[in-house]
Amino acid sequence: MSGTRLVLVDGSGFIFRAFHALPPMTREDGTPVNAVFGFCNMLTRLLKEHTGTHLAVIFDAGRTTFRNAIDPRYKAQRPEPPEELIPQFALVRDATRAFSVPAIELDGFEADDLIASYAAAMQAAGGEVVIVSSDKDLMQLLGAGVSMLDPIKSIPIGPDEVMAKFGVTPAQMIDAQALMGDSVDNVPGVAGIGPKGAAQLIGEYGTLEAILAAAASGAMKPSKRRDALVAHAEDARISRQLVALRTDVPLPLPIEDLVLAAHDDAALHDFLDAQGFKSIKARLGLDGLARRHDERAAPAAPVAARGVEAGFGPYETIDTPAALARWVAAIRAAGLVAIDTETTDLNARRTRLVGISLATAPGVAAYIPLGHELGEQLPRGAVVEALAPVLGDRAILKIFHNAKFDLHVLAGAGLADAAPIDDTMLISYALEAGAHGHGMDELSALHLDHKPIAYDEVTGTGRNRISFSAVPIERATAYAAEDADVTLRLWQMLRPRLREAKALALYEMLERRLVPVLLDMERAGIMVDRDDLVAMSAEFARRMDEIQRDIEQMVGHAFNLGSPKQLGEILFDEMKLPGGKRTKTGAWGTDAAVLDELAEVGHELPVRILEWRQLQKLKSTYADALVTEIDIEDRRVHTNFAQAIAATGRLSSNDPNLQNIPIRTREGARIRRAFIAAPGHALISADYSQIELRLLAHVADIPALKASFINGEDIHARTASEVFGVPMEGMDAATRRRAKAINFGIIYGISAFGLARQLGIENGEAKRYIDAYFARYPEIRRYMNETREFARTHGYVATPFGRRCYVPGIADKNPARRSYAERQAINAPLQGGAADIIKRAMVRLPAAIAASGLTLRLLLQVHDELLFEAATDQAEPAAALVRGIMQEAAVLSVPLLVEAGIGGNWSDAH
DNA sequence: AACGTCCCGTAC
DNA sequence: GACGTACGGGACGTTA
């Protein structure tokens, strides 16, 4: 029977799960049919996707089975099914037959035993089995030729998932379940032992019998748990018999009879019509068929039905306690929920929660209004109380798009505990950084072929913009619930791709773990000296006034110094200064390089303009802008770190950008000095030395460069010595500077033109430098060629840690654009590799800091630098701790060096 | 008035 | 055109 693939649907399990996961819906005559609808959808999907060669749906038969003989308590206290579910049991069996699929059940046995027996028979015959269920009771069957598929989430469940959820292998599930028991089925287990305890014991002793023997013999150290094991040993053994599935049940139908058959279109059409499942009919292409017994038009599908299947909306508004309770139950049944929050402001930290949307399955989403100005809404407290246990439940996955934003907002509303999380924005970024943006609307258009309602459409823009709290609830529901729905669908689509793209570890170990770290950094903020900044701003203004007067005197009339256009016309049209260059739009260029050149040839005006420009920059971008960003509550500035923007894996910072605070010039450093430690604290700056050049030495495997780093040499001086043939000792600063520019140029994908511009030399001379460099380090040229070639064949390059950075222009016919993409390709593994390393350090820090007991927190990341705030008297050991974590964050063929400094302000900490 | 683009400059 | 990655301010031209 090799080549046979038998799909076994756990019909009874599905009915319960679908009933709880889907919102209520009824057909025309009032009969509830939500589980039937879910079932028909699931079967349609299975048939469409050609999952197997054989198919059957297995059901439980009756209420008593052989297990009641083992233990009369088994399933004894199971409550009657809900009233709305009862009529659906028969309807689901009808549905199965309508699809021409065998419905199998056998008195005295549960569906699980039949599934186990069919699976065993198939295994013996050398075929494959796919069990469509998410029931943990069936996980013990996973193994060679037997796999599981979650019917609602449409995701595979394999040994990895079992290990992730229960910490044991499928083969160990029986013993694990025997220990933990099952309150729903009244399987006793051992009191006090849950999934975690069971996994730990099995990990240590191997089997249930070994555990019980160790407990009885005293080989286990005395504890409450050991006492419980001794006292309940018999319960555990009985539990084992209850949870172990029978594989020897007589098969009611031979496997050959389960072969997939074409369904009877007319019969199926009539059944679906009777239920009002118009959308499924459409999917199966049965619209055109006339009804055999009744020619009137079929009733419109219930609203929920369209959503469940494929449509986006309409969605439910949750405004009664009953609806809220129903949704909480649906989330528990689904084991996951996609969540989106709506707020008064787009800044996560200073916003207020206006509503929460939830989605448990495609099309199944709802909105909980909380802070709308008009309309019936549940009290905030009641919603928080109902959702807190769900958000805090480690067994329920919370899916967000840009989780950090929602986590800020939820924490502000008293819902600080929400783990585990997934983030579709970060999943997309881990998969395809650089290929496209990772906003929800863009991903929805790309992957779901659906354009969601835009935020601006709901609130308006500009002067007409209204707060989300002023949006009518009905409109808010349509927008907000759709976002949760889209998030859930993106998750279903993208999550499985992580493994295929070898990005699973990158996502789970790095990007996802970074979320709480960044959240804490943003929350912490950094203290700035407001008075200092205000004073600086005034001083800069005064000096700019003076300079402006001088300039206007030199020019002979007033003009807007801030206008490059006016300035260019004055310099090159009016005053006829030499050396004018045009920008790409034809205007005169007036950037610093141009003005520098004019200054070189002896003009005073450009010098004054450069001075004015510097002050203008410092005043507007830094002094003034930062003052407006100070949080009045804590006198600190809180940036936002964007985790899915840069094509290389770097973070970016905005509102305000704290990753480009001046440092190089004397006046600029004054701005940096305004970033101060809180009273009783010191700032610690720790930065990687030459991390990108070290990565270059490592990935391009350049022995000479590696040796330099291993020997702790001054790398730029060494380069100068090699390229220009001068001794390291007594080297002049200009020579070293040239070598430094070459080293940077290499990292950026060097061109003679670029290097010439950088150094202010002729193209020809720059080319000679580069040639000399390549001659001395021949591996560089090989690395560059191989990297370009890899990018051309794959469309991306990868960092040493597996992050893919896409370079879309790599095959462009336009040589300029292609060259640009090639330089990106050469730079990305180095810049991205450095980003990976510092992120590794960042995710390792919280545990190390907690273990150290030091008062120390991370405030900022600036690509190769981490800035901390520590209690003053602990700054030294704190600096040593972070140096260690950062240096050990990765093991390369060259050492990583971290330099740390301590100071009362950011400038002095360097 | 609001938005998008350009030019420019800051960081790593 | 112009060696990599970002963010943002002010000017300016276009839209509403």
Side-chain angles (χ1 to χ4, degrees), chain A residues 433-434 456 460-465 559-568 581-595 609-610 613-626 629 639-642 645-665 667-668 671-672 687-688 690-692 696 741-759 763 766 770 784 797 805 807 814-832 834-835 838 860-865:
Chain A
D456 289 352
T461 60
R463 188 150 283 282
N464 302 321
R465 172 160 254 152
F559 69 103
N560 185 351
L561 244 179
S563 165
K565 183 168 171 283
Q566 291 181 34
L567 180 63
K581 294 187 184 104
R582 303 276 181 178
T583 67
K584 66 177 170 195
T585 51
W588 291 111
T590 65
D591 65 16
V594 170
L595 299 180
I609 294 166
L610 285 167
R613 283 246 181 101
Q614 183 192 25
L615 295 173
Q616 160 71 18
K617 179 74 175 178
L618 294 176
K619 179 176 186 294
S620 64
T621 309
Y622 298 105
D624 293 345
L626 278 172
E629 294 283 351
T639 186
N640 172 58
F641 286 105
I645 295 292
T648 55
R650 270 193 183 178
L651 299 177
S652 74
S653 158
N654 58 59
D655 295 313
N657 181 358
L658 296 186
Q659 288 182 322
N660 70 345
I661 300 303
I663 187 171
R664 285 166 191 178
T665 67
E667 299 295 331
I671 298 284
R672 193 166 276 232
D687 67 287
Y688 284 104
Q690 309 293 353
I691 189 167
E692 291 183 9
L696 174 68
I742 300 174
N743 277 331
F744 274 101
I746 294 291
I747 290 169
Y748 296 154
I750 201 158
S751 78
F753 186 95
L755 183 63
R757 209 173 79 105
Q758 177 70 30
L759 286 175
N763 272 4
I770 295 167
M784 290 185 165
V797 291
C805 307
V807 275
N814 177 328
R817 280 199 288 270
R818 193 172 59 246
S819 299
Y820 176 47
E822 288 175 354
R823 292 192 297 273
Q824 291 178 309
I826 288 163
N827 172 260
L830 308 175
Q831 188 180 120
I838 197 167
L860 297 177
Q861 188 252 43
V862 193
H863 310 309
D864 66 355
E865 173 192 4

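Bear in mind the structure is a predicted one, so any value in this text is a computation, not a measurement. Throughout, a chain's letter reflects where its sequence line sits, starting with A, and its residues are numbered from 1.
In this model, the phosphate group of C/dG10 is not approached by any side-chain N or O of A/S563 to a distance below 4.0 Å at OP1 or OP2. A sub-4.0 Å separation between OP1 or OP2 of C/dC12 and a side-chain N or O of A/Q566 is present. Applying the 4.0 Å criterion to OP1 and OP2 of C/dG4, one finds that A/R823 has a side-chain N or O inside that range. For the pair A/S652 and C/dC7, the criterion of a side-chain N or O lying under 4.0 Å from OP1 or OP2 is met.
Put simply, CG on A/D655 is 17 Å from P on C/dA6, counting in whole angstrom units. Regarding A/F753, its CZ atom lies at a distance of 16 Å from the C1' atom of C/dG4, rounded to whole Å. Straight-line distance from the CD atom of A/Q616 to the P atom of C/dG10: 6 Å, rounded to whole Å. For the pair A/I838 CD1 and C/dT5 C1', the interatomic distance rounds to 14 Å; values are reported in whole Å. We find that CD1 of A/I671 is positioned 21 Å from P of C/dC7, with the value rounded to whole Å. The distance between atom NZ of A/K581 and atom C1' of C/dG1, rounded to the nearest whole Å, is 14 Å. If you take CG of A/D624 and C1' of C/dG8, they are 14 Å apart, rounded to a whole angstrom. As rounded to whole Å, 10 Å separates atom P of C/dC3 from atom CD1 of A/I770.
Taken from CG in A/N657 to CZ in A/F641, the straight-line distance is 9.0 Å, to the nearest 0.5 Å. A distance of 8.0 Å separates OG in A/S652 from CG in A/N640, rounded to the nearest 0.5 Å. Summarising the geometry, atom CD belonging to A/Q861 is positioned 8.5 Å from atom CZ belonging to A/R650; distances are rounded to the nearest 0.5 Å. For the atom pair CG of A/L651 and OG1 of A/T639, the computed distance is 10.0 Å after rounding to the nearest 0.5 Å. If you take CZ on A/R613 and CG on A/L567, they are separated by 6.0 Å, rounding to the nearest 0.5 Å.
Between A/L830 and A/T648 the shortest side-chain heavy-atom distance does not fall below 4.5 Å. At a threshold of 4.5 Å between non-hydrogen side-chain atoms, the residues A/I747 and A/N827 count as touching. Within the 4.5 Å cutoff, no side-chain heavy atoms of A/E692 are placed close to those of A/F744. The shortest side-chain heavy-atom distance between A/I750 and A/I746 falls under the 4.5 Å cut-off.
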Practice item. Quick one, give me the B/S/- string for nucleotides 6-12 of chain B, reading 5' to 3', where B means a protein heavy atom under 4.0 Å from the base and S means that only happens at the primed atoms, P, OP1 or OP2. Key: SSSBBSB

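Contacts of A/I746 with the nucleic acid, taken as non-hydrogen atoms under 4.0 Å apart, are absent. Counting non-hydrogen atoms under 4.0 angstrom, A/A816 reaches nothing in the nucleic acid. Among the atoms of the strands shown, only primed sugar atoms or phosphate atoms (P, OP1, OP2) are found under 4.0 Å from some heavy atom of A/Y820. Here A/D687 lies out of heavy-atom contact (under 4.0 Å) with every strand. As judged by a 4.0 angstrom heavy-atom cut-off over every strand, A/A756 is placed among residues making no nucleic acid contact. Residue contacts for A/S819: at a heavy-atom cut-off of 4.0 Å it reaches no nucleic acid atom on any strand shown. Across all strands, A/Q758 comes closer than 4.0 Å to base atoms (heavy-atom distances).
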Exercise for review: Verify side-chain contact (heavy atoms from CB on, under 4.5 Å) between A/D456 and A/R465, making sure each step is shown before the conclusion.
Suggested key: CA-CA 8 Å; A/D456 289 352; A/R465 172 160 254 152; 2.5 Å; yes

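Counting non-hydrogen atoms of other residues, nucleotides and ligands closer than 6.0 Å to CZ of A/R672 gives a total above 12.
The P atoms of C/dC3 and C/dC7 are separated by 22 Å, rounded to the nearest whole Å.
Summary of the strand contacts: A/S620 and A/G745 both lie near DNA chain C, and taking for each the nucleotide with the nearest heavy atom, the more 5' one is attributed to A/G745.
Taken together, the paired segments of DNA chain C that extend over three or more consecutive Watson-Crick or G-U pairs, each closer than 3.5 Å at both contacts, are B:1-12 with C:4-15.
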